[in-house]
Amino acid sequence: MKKRKASFILIICLMLGIMTACGSKESNSNSTTKKSGGEGDKTLVLAAYGGSYEKGLKEKVIPKFEKEFGVKVTYITGSSVDTLSKLQAQKDKPQIDVAFLDDGPQAQAKAFGLLAPLDENVVTNLKDVYDIAKDKDNIGVGTGIVATGLAYNKDVFKQNGWDPIKSWNDLADPKFKGKLVLPSMATTYGVHMLLMAAASNGGSDRDIEPGFEKMKEIAKNAVTFDKTADMSNFFLQGQAVATSWANGRVNLLKDTGFPIEFVTPEEGAPALLVTTNVIKGAPHPELAQKFLNFILDEEVQVEMAHATFSGPVTKSTKLDGDIAKKVIYGEDQIKKLVKVDWEYVNTKRAEWTERANKEIEVAH
């Protein structure tokens with residue numbers, strides 16, 4: 001009898017052990033699933049610009065997405081070059097879902113195989129996008145458009161009796177000695193400025209030498225070269241009275257009451273597309289595709305124009321009032337912008353950047 005009772009107890013203990021082990025295994029499995037970055041954890045990791053652009057997104061756009069989709073957005077701040085470096089470092093195990101990139105670095109990211117194609121069944125708003133903002137392979141899409149031109153402090157110019165700047169070459173005027181902060185070649189603005197310095201002096205992207213010669217002249221007036229793509233603090237602190245910058249960024253600073261003015265140079269202004277991209281192997285691919293469609297929504301395009309001063313890329317978006325005058329708006333304005341051949345420029349960018357570092361940015 002005692003032996004039978006002992007055997008029964010042993011069987012019960014073994015069964016309990018098996019059940020406990022199974023429960024533990026199931027718990028570990030659930031934990032792994034949750035930590036694996038699946039759709040269930042309801043978090044979108046977004047890499048995008050800093051400064052005033054970040055402020056606009058966080059205040060006006062992201063909260064609406066979080067509320068509509070019941071998710072949280074983690075925002076990683078960085079310039080396009082910074083974000084591209086992160087994407088390359090994380091290629092084998094991406095931690096970012098969506099990245100905002102200038103069109104130049106975006107072309108590089110695409111060539112490196114870092115970006116995923118868009119799902120047209122999810123990103124249904126693609127059909128309403130202007131051709132200039134579309135990628136032929138639907139790998140990323142322009143979600144805002146701005147122009148790179150000139151910016152200057154109106155109060156300082158008025159106090160000194162200076163006429164407003166009109167040409168890219170005006171920045172070489174000796175009166176600006178120690179009063180300019182220029183964009184580094186590490187930024188899209190820097191590439192644009194080199195290209196326009198060339199174009200304004202008889203050169204082109206295929207004949208860049210006139211650009212380097214003029215940039216060496218302009219650099220004599222520079223205090224420093226900015227690599228963050230955000231000139232705000234340089235103007236606010238009085239280090240810069242003029243620079244090359246985008247109309248969207250200029251208007252964001254102007255909107256705070258600062259006396260800054262944007263100028264479309266007489267030689268033209270390059271188009272800069274703010275592209276939004278789903279990362280290949282993203283932790284939350286479905287949510288990332290939904291974010292792309294959300295950004296292209298007509299109402300959100302209007303909100304983006306107000307929040308970041310980037311022009312809408314969808315044909316159906318209508319802007320009213322002052323905002324329509326402050327952004328690149330409509331096909332007629334888009335056609336006037338200088339288009340950059342990024343496929344070619346990116347084959348030269350490393351060479352130009354190295355040369356600019358030695359001959360212009362460090363040498364000045």
Side-chain angles (χ1 to χ4, degrees), residues 39 44 46-49 53 56-57 60-62 64-71 73 80 96-107 109-111 113-147 248 271-282 284-320 323-324 327-337 339-343:
E39 300 297 330
L44 180 85
L46 172 66
Y49 314 117
Y53 199 97
L57 281 180
K60 300 291 182 68
V61 178
I62 290 174
K64 185 176 180 180
F65 177 77
E66 290 178 325
K67 182 177 180 181
E68 185 173 330
F69 290 89
V71 301
V73 173
S80 293
I96 295 169
D97 296 300
V98 174
F100 279 57
L101 296 166
D102 292 349
D103 44 7
Q106 192 262 3
K110 177 184 175 183
L114 301 172
L115 309 178
L118 303 184
D119 184 346
E120 295 182 64
N121 293 320
V122 178
V123 191
T124 55
N125 288 320
L126 270 175
K127 61 182 180 293
D128 191 38
V129 173
Y130 287 112
D131 288 342
I132 192 174
K134 290 182 178 179
D135 178 79
K136 60 184 176 65
D137 302 308
N138 275 345
I139 295 180
V141 62
T143 51
I145 188 166
V146 296
L272 193 163
L273 278 165
V274 175
T275 73
T276 310
N277 308 273
V278 174
I279 306 309
K280 188 175 182 179
H284 314 95
E286 291 180 25
L287 194 56
Q289 297 280 350
K290 290 176 182 177
F291 184 83
L292 263 290
N293 197 54
F294 170 83
I295 288 292
L296 292 172
D297 179 82
E298 184 179 335
E299 289 185 13
V300 179
Q301 282 283 291
V302 173
E303 198 68 72
M304 287 282 286
H306 284 277
T308 67
F309 289 100
S310 56
V313 297
T314 52
K315 301 170 188 175
S316 61
T317 302
K318 305 299 179 186
L319 299 180
D320 299 314
I323 191 63
V327 302
I328 302 299
Y329 175 47
E331 195 165 7
D332 288 343
Q333 289 192 23
I334 290 172
K335 285 179 179 177
K336 294 177 183 178
L337 299 175
K339 297 179 183 178
V340 176
D341 181 358
W342 283 113
E343 285 192 8

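One-based numbering along the sequence shown. Because the structure is a prediction, the values reported are computed rather than measured.
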What verdict does the side chain to side chain contact (heavy atoms under 4.5 Å, CB included) test give for V278 and F291, after you've listed the backbone C-alpha separation in whole Å, the side-chain angles of each residue and the deciding distance to 0.1 Å? CA-CA 9 Å; V278 174; F291 184 83; over 6 Å; no
Give the intermediate values and the outcome of side chain to side chain contact (heavy atoms under 4.5 Å, CB included) for residues I323 and Y329. CA-CA 9 Å; I323 191 63; Y329 175 47; over 6 Å; no
Could you go through K315 and D128, starting from their C-alpha distance and side-chain angles, then the distance that decides it, and tell me whether this counts as side chain to side chain contact (heavy atoms under 4.5 Å, CB included)? CA-CA 6 Å; K315 301 170 188 175; D128 191 38; 3.6 Å; yes
Determine, stepwise, if the pair V61 / I295 fulfils side chain to side chain contact (heavy atoms under 4.5 Å, CB included). CA-CA 8 Å; V61 178; I295 288 292; 4.0 Å; yes
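Residues F309 and V146 share a closest heavy-atom pair of O-CG1, 3.9 Å. In terms of heavy-atom proximity, D97 sits nearest to A282 at OD1-CB, 3.6 Å. In plain terms, the two heavy atoms of W342 and A107 that are nearest each other are CB-CB, 4.3 Å. Heavy-atom minimum distance, F294 versus E68: CE1-OE1, 3.7 Å. Between P117 and D137, the shortest heavy-atom distance links the atoms CB-O, 4.4 Å. Residues V313 and Q301 share a closest heavy-atom pair of N-OE1, 2.7 Å.
The shortest side-chain heavy-atom distance between L126 and V141 falls under the 4.5 Å cut-off. The closest side-chain heavy-atom distance from K339 to L337 is not below 4.5 Å. At a threshold of 4.5 Å between non-hydrogen side-chain atoms, the residues T143 and L296 count as touching. In this structure, the side chains of L101 and N277 come closer than 4.5 Å at one or more pairs of heavy atoms. Looking at heavy atoms from C-beta onward, L46 lies in side-chain contact with I62 at the 4.5 angstrom threshold. Counting heavy atoms from C-beta on, the side chains of E303 and E299 never come closer than 4.5 Å. Between V302 and L319 the shortest side-chain heavy-atom distance falls below 4.5 Å.
When atom types are taken as modelled, the side chain of Q106 and the backbone of T275 share no donor-acceptor pair closer than 3.5 angstrom. Panel note: side chain N138, backbone L118; no donor-acceptor pair is recorded below 3.5 Å. Between the side chain of Y49 and the backbone N or O of D102 there is at least one donor-acceptor pair closer than 3.5 Å. Between the side chain of Q289 and the backbone N or O of V123, no donor-acceptor pair lies under 3.5 Å.
Aromatic ring pairs are classed by plane angle as parallel below 30°, tilted from 30° to 60° and perpendicular above 60°; the pair F69 and F65 is tilted.
Counting non-hydrogen atoms of other residues, nucleotides and ligands closer than 6.0 Å to NZ of K127 gives a total above 12. A 6.0 Å sphere centred on NZ of K64 holds more than 12 heavy atoms belonging to other residues, nucleotides or ligands. Heavy-atom contacts from other residues, nucleotides or ligands closer than 6.0 Å to NZ of K280 number 12 or fewer.
To the nearest 0.5 Å, atoms CG (L115) and CD1 (I139) are separated by 7.0 Å. For the atom pair OG1 of T124 and CG of N293, the computed distance is 4.0 Å after rounding to the nearest 0.5 Å. Within the model, atoms CG of D297 and CE of M304 stand 12.0 Å from one another, a figure rounded to the nearest 0.5 Å. Expressed to the nearest 0.5 Å, how far NZ of K335 lies from CD1 of I132 amounts to 11.0 Å.
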